[in-house]
Amino acid sequence: MKKILVTSALPYINGVPHLGHMVGCLLPSDVYARFERMMGNNVLYIVGTDEHGTTSEVGALKAGMDVQSYCDMNHERHYKTYKDFNLSFDYFGRTSSEQNKEITYQIFEALDKNGFIEEREVKQVYSIDDKMFLADRYITGTCPYCGYDKARGDQCENCTKVLEPTDLINPKSTISGSSNLEVRTSKHLFLNLPKIEPQLREWLKSKEAFWPDVAYSIALKWLKEGLEPRCITRDLKWGFPVPKKGYEDKVFYVWFDAPIGYIGITKQWSDEKPTQRDWKDWWFEDKDVYYVEFMGKDNVPYHSITFPATLLGTNQNYKKVDYLKGFSYLTYEGGKFSKSENRGVFAGDAVTEFKADYWRYFLMSNIPESSDSSFTFDLFSSVVNKDLNGVLGNFVSRVLKMTSSKIGNTVPPADTWTALENELAANLQTHIDLYFKYMSELEFRKALGELRAVWVEGNNYITLAEPWTVIKEDPKRAGAILNICINLIRIFALLSYPVMPETSENMMARLDLKIDEHAGLKDFNVQKELLAVKEGMPFEVGEPLFERITPERTEELKAKYGSAK
RNA sequence: CGCAGGGUAGAGCAGCCCGGUAGCUCGUCAGGCUCAUAACCUGAAGGUCGUUGGUUCAAAUCCUUCCCCUGCAACCA
C-alpha cells in the first residue's frame with residue numbers, strides 16, 4: 001500500500017470558479033485521488049482557499065466587510081461549490097489558519113537561520129488617500145508609449161509593453177481613484193533564490209524524465225533566464241505579520257505562505273484528530289510518500305521553482321513534489337471565461353443545469369493536457385448524448401429492461417463460457433489494464449478513452465450474443481448472456497467511479513450493491529469480476545442514467561451563458 | 001530576434017523523445033440488428049501532417065526559415 005499525497009492548486013478566495021478552474025486542477029486531482037484510493041492506496045487529498053493578499057483586502061473593502069468575515073463567507077462559498085462537484089478532499093482548509101501561520105513561521109525562521117533571507121530597500125507607490133502601498137496593477141494611467149488611458153502599472157494591455165508604475169502619465173489608484181500618490185522607500189525581505197539554486201537545479205534534474213513537458217519546460221525556462229532574489233514581504237494588513245525585528249508592520253507575501261498552505265492545511269486536518277493523524281507522516285522525505293500536485297500552467301513556476309527552493313532552503317528534509325501535473329487552459333466557445341462579461345459557465349451554475357457527473361466526464365475526457373482546449377456546448381451535448389447516453393446509459397437500460405421483461409427481476413444463472421465470453425474477457429482486460437496504466441500515469445484523456453472503450457465492449461458483446469434471438473430457442477443460454485451483461489454493469493460502475501462517483505453508485509444501487517471506495521479496484525481481474533453478481537440477486541431497472549440534450553436545449557444554453565462573441 | 005506550449009481528415013485529439021504502411025472519438029455515407037434512450041454493432045469515404053529549405057535509401061517524426069494561435073514576462077493570484 002503506497003502513501004500518496006495529492007494537492008490541487010489552492011483557489012484564490014476572491015475568485016468565482018469556472019469550468020476552467022475545475023478542469024485545470026481541482027477535478028483531475030479528485031479523479032486521481034479517488035482512483036488511487038480504489039487501487040487500495042493510502043491517499044491524503046488536500047485542498048483549501050488561498051486567502052491573503054491585496055485582492056482580498058480590496059474585495060472586502062468593496063463589499064463593505066472586514067477582511068476576516070469576507071474570507072469566512074467566501075471560504076464557505078468555495079467549499080459548497082466543490083462539494084457540489086463531489087470533490088473528495090480529506091480536508092478543505094485555509095491558508096489563513098493558525099496552523100499555516102505556525103508552519104510559515106517555522107519555515108521562515110529556518111530560511112533566515114540558514115542565511116537565505118536578505119534585506120533590500122524597495123521603492124513603491126504609496127497612496128496617501130488609501131493609506132496603503134499599491135501593487136503595480138492597482139495603479140492605472142495613460143501609457144507613455146501608445147497613449148492608452150487605462151494602462152496598468154505593470155503592463156499596458158493595449159500595446160503589451162511592460163511598464164513601471166512611474167512610467168504612467170496621470171497615475172491613479174484603482175481602489176479610490178485618487179491621484180494623490182507618491183513614491184516611498186520601504187524595507188523588505190527577499191528569499192535569495194540564487195543562493196539555493198545549486199540544490200534546486202540538482203533536485204529539478206531528477207524530475208526531467210518524469211514530469212510532463214508543460215511542467216518541466218516551464219521550470220527550466222526560469223533557470224535558464226537566471227533566478228533573482230524574490231521579495232516575500234508586503235506592506236499590507238491582511239496576512240501573517242513578519243516575525244522579525246523592524247518588520248512588525250509588514251506581512252508575508254501571499255505567494256510565500258500560499259504553497260506552505262498545503263502543509264498548514266494538512267496540519268489543520270491532523271489537529272482534528274491528533275491521536276490518529278500526524279501531518280509529519282506526510283511532509284518529510286523519509287516518510288515514503290509519493291506527492292502529486294495539480295495546477296494550471298500559470299502556477300508551474302511557483303511549484304517548480306520558488307516553493308521547492310523554499311523547502312530546500314530549510315535543510316529540514318521537507319517533502320517536495322514528485323510529480324507535477326500542469327494543465328493548459330480551457331477556453332470558452334473560443335474566448336476567455338469572464339465573470340464581469342458574463343461569459344462562460346461558472347461552477348455554481350453548472351450543477352444547476354446538469355448533475356456534476358455530466359461535467360466531470362466531459363471535462364476529464366477533454367482536459368487540456370497538451371495544449372489549450374475549448375469548451376463548446378455543441379461538443380458538450382455531443383459527448384453527453386453519445387458517450388453517456390448512447391454508450392453507457394443505453395447499455396444499462398437495454399440489459400436491465402430486457403432481463404426484467406423476459407426473465408424477471410432477479411439475476412439469471414451463469415453458464416459455461418463460449419468463445420464469445422472468452423473474447424469479451426480478453427478485450428476487457430486489455431482496455432482495463434491500459435485504463436489503470438494511464439490513470440496512474442495521470443494521462444487522463446487516454447484513460448478516459450479506455451474507459452469508453454470498456455463500455456463499448458458491453459454493447460459489442462450483446463450485439464454479437466443476440467440474447468433476444470437466442471431466448472426463443474435456448475432460454476438458459478439467453479439468461480447466461482444477460483448474467484454476463486449484468487456483471488458488466490457492475491464492472492462499468494466500479495471502473496467509472498473515479499470519474500463519475502454519483503452515477504457509479506446509482507448503477508450499483510440498481511443491483512443492490514455498494515461501491516467500496518477504498519480498494520474496490522485492487523487486484524482487479526476480469527475473469528473473476530465477471531462472476532461477482534450471482535444468480536438470484538435482485539435488481540431494479542430504474543430510470544435512464546442520463547438525460548439527452550436536445551438541439552434546442554443546446555441553443556438555450558449557449559444563449560444563457562453568453563457564447564455569442 | 002524575450003520565453004514556453006500548440007498548429008495532423010469537417011470538428012476535437014493521439015503519434016514526434018527512440019525516423020520506416022498516418023491512428024482514435026465525433027460528424028458524414030452505406031449496411032446490420034430490433035433487446036434498448038431516433039439508440040446499439042459493422043463497414044466506407046475523407047489528410048500534399050502550418051510554411052521554406054536541408055539531412056537521409058526513407059521525415060508528421062531530426063535540423064533550418066517564416067507565418068498563425070495561446071500563455072508567461074518575476075510586486076494580481
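Each chain gets a letter, A, B and so on, in the order its sequence line appears, and its residues count up from 1.
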What nucleotide among [options] has an atom nearest to a side-chain atom of [X]?
{"X": "Asn459(A)", "options": "C76(B), C13(B), C41(B)", "result": "C41(B)"}
{"X": "Asp136(A)", "options": "C41(B), C40(B), C75(B)", "result": "C75(B)"}
{"X": "Trp222(A)", "options": "A74(B), C35(B), C76(B)", "result": "A74(B)"}
{"X": "Gln124(A)", "options": "U25(B), C75(B), A77(B)", "result": "C75(B)"}
{"X": "Asn460(A)", "options": "C35(B), G12(B), C41(B)", "result": "C41(B)"}
{"X": "Asp298(A)", "options": "C13(B), A77(B), C40(B)", "result": "A77(B)"}
{"X": "Lys446(A)", "options": "C35(B), A14(B), C13(B)", "result": "A14(B)"}
{"X": "Thr54(A)", "options": "A77(B), U37(B), C35(B)", "result": "A77(B)"}
{"X": "Asn394(A)", "options": "C76(B), U70(B), U37(B)", "result": "U37(B)"}
{"X": "Ala135(A)", "options": "A14(B), U37(B), C76(B)", "result": "C76(B)"}

Inset, instruction - Using the six-membered ring wherever Trp is involved, compare the ring planes of Phe327(A) and Phe294(A) and label them parallel, tilted or perpendicular (cut-offs 30° and 60°). - result: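 Phe327(A) vs Phe294(A) ring planes: parallel.
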
Inset, instruction - Classify the ring geometry between Phe395(A) and Phe492(A) as parallel (under 30°), tilted (30 to 60°) or perpendicular (over 60°). - result: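 Correct class here is tilted.
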
Reckon [X] has a side-chain N or O less than 4.0 Å from the OP1 or OP2 of [N]?
{"X": "Arg445(A)", "N": "A14(B)", "answer": "no"}
{"X": "Ser370(A)", "N": "A14(B)", "answer": "yes"}
{"X": "Arg452(A)", "N": "C24(B)", "answer": "no"}
{"X": "Tyr329(A)", "N": "G6(B)", "answer": "no"}

Round to a whole Å and report the spacing from [atom1] of [X] to [atom2] of [N].
{"X": "Leu488(A)", "N": "C40(B)", "atom1": "CG", "atom2": "P", "answer": "17 Å"}
{"X": "Glu369(A)", "N": "A14(B)", "atom1": "CD", "atom2": "P", "answer": "8 Å"}
{"X": "Glu228(A)", "N": "C75(B)", "atom1": "CD", "atom2": "C1'", "answer": "12 Å"}
{"X": "Asp387(A)", "N": "C26(B)", "atom1": "CG", "atom2": "P", "answer": "7 Å"}
{"X": "Leu223(A)", "N": "A4(B)", "atom1": "CG", "atom2": "C1'", "answer": "14 Å"}
{"X": "Ile232(A)", "N": "A74(B)", "atom1": "CD1", "atom2": "C1'", "answer": "15 Å"}
{"X": "Phe362(A)", "N": "C13(B)", "atom1": "CZ", "atom2": "C1'", "answer": "12 Å"}
{"X": "Phe492(A)", "N": "C40(B)", "atom1": "CZ", "atom2": "C1'", "answer": "13 Å"}

Legend entry - Between Arg398(A) and Asn394(A), a side-chain donor and acceptor under 3.5 Å: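 Judged by distance alone, the side chains do not pair up.
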
Legend entry - Flag for Tyr435(A)-His431(A): side-chain donor and acceptor within less than 3.5 Å: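 Looking only at side-chain atoms, Tyr435(A) and His431(A) do not form any donor-acceptor pair under 3.5 Å.
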
Separation between the [atom1] atoms of [N] and [M], rounded to whole Å:
{"N": "C76(B)", "M": "C72(B)", "atom1": "P", "value": "13 Å"}
{"N": "G19(B)", "M": "A59(B)", "atom1": "P", "value": "13 Å"}
{"N": "G50(B)", "M": "C63(B)", "atom1": "P", "value": "15 Å"}
{"N": "A4(B)", "M": "G54(B)", "atom1": "P", "value": "27 Å"}
{"N": "C62(B)", "M": "G20(B)", "atom1": "P", "value": "11 Å"}
{"N": "C68(B)", "M": "U52(B)", "atom1": "P", "value": "16 Å"}
{"N": "C3(B)", "M": "G47(B)", "atom1": "P", "value": "37 Å"}
{"N": "A60(B)", "M": "U21(B)", "atom1": "P", "value": "10 Å"}

Legend entry - Along RNA chain B (nearest heavy atom to each residue), the more 5'-positioned of Arg234(A) and Val399(A):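 Looking at the nearest nucleotide for each, Val399(A) comes out on the 5' side.
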
Inset, instruction - Map Ile462(A) and Ser371(A) onto RNA chain B by nearest heavy atom, then report which one ends up closer to the 5' terminus. - result: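 Upstream on the strand: Ser371(A).
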
Which is true for [X] with a 4.0 Å heavy-atom rule: it touches a base, it touches only sugar-phosphate, or it touches nothing?
{"X": "Asp50(A)", "result": "sugar-phosphate"}
{"X": "Val122(A)", "result": "base"}
{"X": "Ser328(A)", "result": "nothing"}
{"X": "Gly390(A)", "result": "sugar-phosphate"}
{"X": "Tyr302(A)", "result": "base"}
{"X": "Thr403(A)", "result": "nothing"}

Compute the centroid of each ring, for [X] and then for [Y], and state whether the two points are separated by less than 6.0 Å.
{"X": "Trp359(A)", "Y": "Phe380(A)", "answer": "yes"}
{"X": "Phe240(A)", "Y": "His52(A)", "answer": "yes"}
{"X": "His78(A)", "Y": "His75(A)", "answer": "no"}

Inset, instruction - Establish, yes or no, whether the cationic atom of Lys207(A) lies under 6.0 Å from the six-membered ring centre of Tyr216(A) and within 45° of the ring axis. - result: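 No, Lys207(A) does not lie over the aromatic ring of Tyr216(A).
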
Inset, instruction - Take Glu421(A) and Thr418(A) through the test side-chain hydrogen bond (donor to acceptor under 3.5 Å, both in side chains) and record every step on the way to the result. - result: CA-CA 5 Å; Glu421(A) 284 75 33; Thr418(A) 69; 2.5 Å; yes

Legend entry - Ion pair check, Glu441(A) and Lys437(A), cut-off under 4.0 Å: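 Yes, this pair counts.
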
Legend entry - Sidechain N-carboxylate O distance under 4.0 Å for Arg510(A), Glu543(A):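 Between Glu543(A) and Arg510(A) there is no salt bridge, as every charged N stays at least 4.0 Å from the carboxylate O atoms.
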
Close N/O contacts between protein and nucleotides 27-34 of chain B (under 3.5 Å):
none

